[in-house]
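For clarity, every value in this text was computed on a predicted model and none was experimentally measured. Index from 1, following the sequence. Just follow the structure's listing: the first ligand is 1, and inside any ligand the first atom is 1.
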Amino acid sequence: MTETRLRFPPSPTGYLHIGGARTALYNWLYAKKTGGKLILRIEDTDTERSTQESIQGIIDGLEWLGIDFDEGPYFQTEFSADHKAAAERLLAEGKAYKCFCTKEQLDAKREAALAAKQNLGYDGTCAGLSEEEINAKEAAGIPYVIRFRVPEGDRRIGYDDKILGRIECDIKEVDDFVIVRSNGKPLYLLCNVVDDIRDRISHVVRGQDHMTNTIKQILLYEALEAPVPVFAHMPLTLDTKKAKISKRSHGEIVAVQFYRDKGFLPWAFNNFLVLLGWSAGDDKEFYTKEELIEAFTLERINKSSSVFNYNKGDAKFFTDPKAIAINEHYLRTMDITELGELVKVELKAEGLWDEAYAGEKQQWYHHTLDMIRDRFHTLKDFTSRGRAYFADDFDVEEKPLKKNVLKYEELKEWFPMLADRFEQLSDFNLEETERVARELADELEIKPGIIINGMRTVVTGQLAGPSMFDILVTIGQERVVRRLREVAKLYPA
Ligand code: GLU
């Protein structure tokens with residue numbers, strides 16, 4: 001069998017969004033599954049809309065997701081000679097022709113056809129021009145486009161779409177379409193085919209929005225005497241109002257970078273993306289990379305569009321709840337050493353990384369992450385909600401501050417007392433800290449909960465979290481003593 005060769009050919013006119021990333025992922029999975037190759041081709045022929053920033057954004061986004069390429073990035077603009085040569089070849093072989101019809105003429109014909117309820121396609125005026133006529137028009141400087149000459153005859157033309165099944169139409173329904181504009185620029189439709197032929201692409205896996213081109217492109221493959229690749233047209237990703245996801249209408253919430261910057265885990269995000277339009281046919285939700293490569297097939301990609309519930313999430317994330325749920329799952333269950341590496345990046349960015357976390361304090365570091373991750377949603381939580389474990393400048397949340405601290409003025413006296421007793425402990429462990437805290441509550445004839453909840457707030461800034469005494473021991477004697485002693489700072493002056 002010949003090697004499978006797939007490509008991801010984004011047009012760099014915006015950031016890498018959910019839909020594009022999913023297309024890249026499906027191509028990547030299929031290439032991996034079949035032991036084939038994946039090629040990155042930046043389709044930058046639309047020079048007015050393509051930007052360097054977008055190219056970089058796409059490359060960074062793919063890198064973050066871990067979608068790697070075997071070849072590329074190639075840039076479509078570097079191959080413009082190939083595109084022109086293909087158009088010349090089609091002209092020379094009579095498979096294309098120069099069309100001198102002006103826009104005004106075409107518009108008038110269209111209107112007339114519309115009024116007469118006739119076929120609106122190109123009527124073939126220039127299809128049969130003689131060489132003399134062509135030369136005369138060219139000499140007179142009349143601009144022209146190049147049209148593909150759709151073969152005559154009576155046949156059905158189509159393809160077996162891997163997702164949608166047989167797609168075909170009568171060849172008569174296809175007009176002689178333009179392949180080169182009057183400014184000499186080949187159309188995207190042609191460039192895309194020429195590049196896919198050169199890159200020996202065996203499978204074209206792309207969005208259904210490209211289906212309007214596919215039959216025409218198959219005619220181009222035939223005319224250029226190249227093997228036609230297998231096509232698989234994926235359903236689109238829509239929002240909850242059934243509108244196509246786009247940067248213009250949805251903003252950054254649909255950009256892959258948004259999720260990276262919000263602290264999502266790359267593999268969790270891939271896992272979310274793959275399920276947005278594919279399932280193995282069971283309820284399995286979480287896949288390792290190897291499992292997914294094994295399970296993935298083009299045939300099981302959904303036929304109908306999928307919905308990105310970005311506005312169904314809670315106010316904090318404002319994204320698809322499924323994306324958050326999958327992220328939490330990985331964050332809370334992944335290998336602690338791997339998580340440690342990811343949190344290290346976050347801590348470094350905040351200036352909170354201590355080299356000892358990779359050395360003599362590594363056990364402490366891993367224990368801390370394991371202890372606090374249970375309530376966390378993203379990597380950002382480690383430096384925000386988990387900040388008290390790594391720094392003294394953490395925020396105290398308003399709700400627990402009111403409920404557990406400000407409500408009891410007496411804590412201003414009680415906590416310095418508790419701090420003194422904690423300071424005396426020669427072994428600051430779970431049992432001892434608990435004993436001291438409970439003894440103090442007994443002596444003061446108050447519920448231990450007042451001390452415990454107050455401590456949680458003062459020591460971590462949070463309303464809830466892991467077992468309080470585990471927290472104390474993890475945060476450490478010196479820091480706990482200091483935070484308790486300084487409790488008065490939390491009250492209004
Ligand atoms: N450049 C096209 C796009 O970004 C890709 C077309 C294709 O996959 O054939 O939509």
Side-chain angles (χ1 to χ4, degrees), residues 4-31 36-59 61-62 67 69 71-80 82-83 86 159 161-164 167 177 179 185-221 224 226-238 244-248 254-256 277 298 301 305:
T4 48
R5 290 176 60 86
L6 292 104
R7 82 305 195 258
F8 177 55
S11 304
T13 56
Y15 48 43
L16 180 66
H17 62 69
I18 303 273
R22 192 187 59 159
T23 304
L25 175 64
Y26 287 4
N27 276 280
W28 181 84
L29 285 168
Y30 196 68
K37 297 269 185 316
L38 181 60
I39 290 130
L40 174 59
R41 182 170 70 228
I42 306 288
E43 297 206 319
D44 56 348
T45 26
D46 184 350
T47 43
E48 268 165 38
R49 291 177 61 226
S50 299
T51 66
Q52 197 51 44
E53 192 189 347
S54 166
I55 295 173
Q56 201 51 52
I58 291 167
I59 291 174
L62 293 170
I67 297 180
F69 290 86
E71 288 177 32
Y74 297 136
F75 290 87
Q76 193 159 53
T77 41
E78 287 173 8
F79 297 98
S80 46
D82 289 1
H83 310 142
Y159 55 101
D161 192 288
K162 277 277 187 195
I163 302 166
L164 304 171
I167 305 283
F177 53 91
I179 54 173
K185 284 202 170 171
L187 259 86
Y188 161 73
L189 182 83
L190 174 67
C191 302
N192 186 248
V193 167
V194 170
D195 292 344
D196 281 347
I197 294 173
R198 188 195 50 250
D199 293 336
R200 305 193 319 283
I201 298 304
S202 63
H203 290 68
V204 170
V205 180
R206 62 183 177 188
Q208 283 176 12
D209 48 340
H210 290 289
M211 281 178 81
T212 46
N213 288 333
T214 309
I215 298 262
K216 292 176 190 165
Q217 291 192 314
I218 289 175
L219 288 169
L220 288 172
Y221 279 100
L224 293 166
V228 180
V230 172
F231 286 95
H233 290 99
M234 316 184 322
L236 301 182
T237 313
L238 306 177
K244 202 180 148 194
I245 295 278
S246 74
K247 176 181 176 183
R248 206 171 314 136
V254 298
V256 166
L298 295 176
I301 294 176
S305 45

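At a 3.5 angstrom cut-off on N or O pairs, Pro10 does not count as close to ligand 1.
Cation-pi geometry between Arg41 and Phe8 is not satisfied (NZ or CZ under 6.0 Å from the ring centre, within 45° of the ring normal).
Checking Arg7 against Ser202 by side-chain atom types alone, no donor-acceptor pair falls below 3.5 Å. For the residue pair Ser11 / Glu43, no side-chain donor-acceptor distance below 3.5 Å is found, with atom types taken as modelled.
The nearest protein atom to atom 10 (O) of ligand 1, hydrogens excluded, is given as His210 NE2, 2.9 Å; this is a heavy-atom distance. Protein heavy atom nearest atom 8 (O) of ligand 1, with residue, atom name and distance: Arg7 NH1, 2.9 Å.
Under 4.0 Å from ligand 1, the heavy atoms of Asn192 that appear belong solely to its side chain. The parts of Ser11 lying near ligand 1 are both backbone and side chain, judged by heavy-atom distances below 4.0 Å.
Under the ring-ring contact (aromatic ring centres under 6.0 Å, His included) criterion, Phe177 pairs with Phe148, sequence neighbours left out.
Contact annotation: Tyr188 has at least one heavy atom less than 4.0 Å from an atom of ligand 1.
Checked against the 6.0 Å centroid criterion, the rings of His233 and Tyr159 qualify as a close aromatic pair.
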